[in-house]
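Structure first, then comments.
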Amino acid sequence: IKNLSAWLTTVVGRLSLDLLRSRRVRRETTYDEAPREVVLDEPDDQGVLADSVGIALLVVLERLTPDERLAFVLHDIFAVPFAEIAEILGKSADAAKMLASRARRKVRATDDVAEARAQRKVVDAFLAAAREGDFAKLLVVLSPDVELRVDAPGGRVVVLGATEVAARAQMFSRVASDVRPVLVDGQPGIVSWRPDGTVMSVMAYTVADGVITVIASISDPELLSTLILPEPTR
């Protein structure tokens, strides 16, 4: 191996490309099929990539083809020459340039990045208000007819109305010892753990017009066991 850096880029690139292609196949499974993948937002662990891209852009990247995504990320974020990208993709340098250009146009043409950031900001405000026990602030970020759906061990429980949901959010914040932000099927969400380190729940938030309209929660251990989840930070 004459160029270790180029060799490592090629190997990692091809492994990543294989993973992207396999993930696109797995994403076709239905909600009831297992395992399901939860896409994480872990800025401390993802380092440079998270600082450069941000979790909002990851939502957009999911809509690119594997080849487009690899060409765009390697060239525009890590400044890998198109000649090296072409070797990874098994295409010509011109084809690699075209893939990156196509991906760039798709990213620039979408409003999903700003929308995803705005949605995450609403969810963060909701979680902060729950931690502070500020009932008034909770009501500000909840739709008056917000719906909370909980898949619990005994079946699904549905709670309607901002007042009821806010009260449950306050109670939840007192029980959870660790909470981490994630993306659940492209929606802003969280994973929470109990003090003993066991997973308590996975929640996904639907945000519209600056307020939370639906909260989908899974607390049933049997359903949680089918999900691919991160480890607690504590």
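Starting from 1, each residue takes its place in the sequence as its number.
Atom CZ of R168 sits in a sparse spot, with 12 or fewer heavy atoms from other residues, nucleotides or ligands closer than 6.0 Å. More than 12 heavy atoms of other residues, nucleotides or ligands shown are found within 6.0 angstrom of CG on D196.
Side-chain atoms of V211 and V141, non-hydrogen and from C-beta on, never get closer than 4.5 Å to each other. For the pair V150 and V159, the minimum side-chain heavy-atom distance is 4.5 Å or more. Looking at heavy atoms from C-beta onward, I218 lies in side-chain contact with L227 at the 4.5 angstrom threshold. In this structure, F172 and S201 have side chains that are in contact, with non-hydrogen atoms separated by less than 4.5 Å. For the pair L138 and D134, the minimum side-chain heavy-atom distance is 4.5 Å or more. Looking at heavy atoms from C-beta onward, T9 lies out of side-chain contact with F78 at the 4.5 angstrom threshold.
Residues V175 and L148 share a single hydrophobic cluster, defined by chaining ILVMFWY side chains whose heavy atoms lie under 4.5 Å apart. Hydrophobic clustering, with ILVMFWY side chains joined whenever heavy atoms are under 4.5 angstrom apart, groups L8 together with L4. Taking hydrophobic clusters as Ile, Leu, Val, Met, Phe, Trp and Tyr residues chained together by side-chain heavy-atom distances below 4.5 Å, I215 does not share a cluster with F135.
Between the side chains of T10 and R14, no donor N or O sits under 3.5 Å from an acceptor N or O. At a cut-off of 3.5 Å, with distance as the only test, a side-chain donor of Q187 or T206 sits close to an acceptor on the other residue. A donor atom on one side chain and an acceptor atom on the other are found under 3.5 Å apart for S143 and D145.
Scanning both residues, V199 and W193, for their nearest heavy atoms gives CG2-NE1, 3.5 Å. Across all non-hydrogen atoms, the minimal contact from Q170 to G133 is NE2-O, 3.0 Å. Smallest separation of non-hydrogen atoms from V80 and H75: O-CD2, 3.5 Å. Of all heavy-atom pairs spanning I190 and V182, the tightest one is N-CG2, 3.7 Å. Listed here is the closest heavy atom pair of A71 and A96: CB-O, 4.0 Å. Minimum interatomic distance between K91 and D67 (heavy atoms only, all atoms of both residues): CE-OD2, 3.1 Å.
Interatomic distance, D178 CG to S192 OG, rounded to the nearest 0.5 Å: 9.0 Å. Once rounded to the nearest 0.5 Å, the distance linking OG1 of T163 with CG of L142 reads 9.0 Å. A distance of 12.0 Å separates CZ of F82 from CD1 of I88, quoted to the nearest 0.5 Å. Expressed to the nearest 0.5 Å, how far CE of M98 lies from OG of S101 amounts to 8.0 Å. Atom CD1 of I85 is separated from atom CG of L99 by 9.5 Å, given to the nearest 0.5 angstrom.
Judged by distance alone, with hydrogens and angles left aside, the side-chain atoms of S173 form a donor-acceptor pair with the main-chain N or O of A130 at under 3.5 Å. With E68 contributing its side chain and T65 its backbone, the two residues share a donor-acceptor pair below 3.5 Å. Without hydrogens or angle criteria, S16 side chain to V12 main chain gives a donor-acceptor distance under 3.5 Å. R69 places no side-chain N or O within 3.5 Å of a backbone atom of A103 that could act as its donor or acceptor partner.
Remark: of the listed residues M203, R120, K121, R117, R120 is the sole one forming a side-chain contact (heavy atoms from CB on, under 4.5 Å) with P188. Applying side-chain contact (heavy atoms from CB on, under 4.5 Å) to Y205 and the options V146, L127, V122 leaves one that passes, L127.
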Inset, instruction - Test side-chain contact (heavy atoms from CB on, under 4.5 Å) on V214 and R149 and set out the steps. - result: CA-CA 8 Å; V214 178; R149 307 168 189 158; 3.8 Å; yes
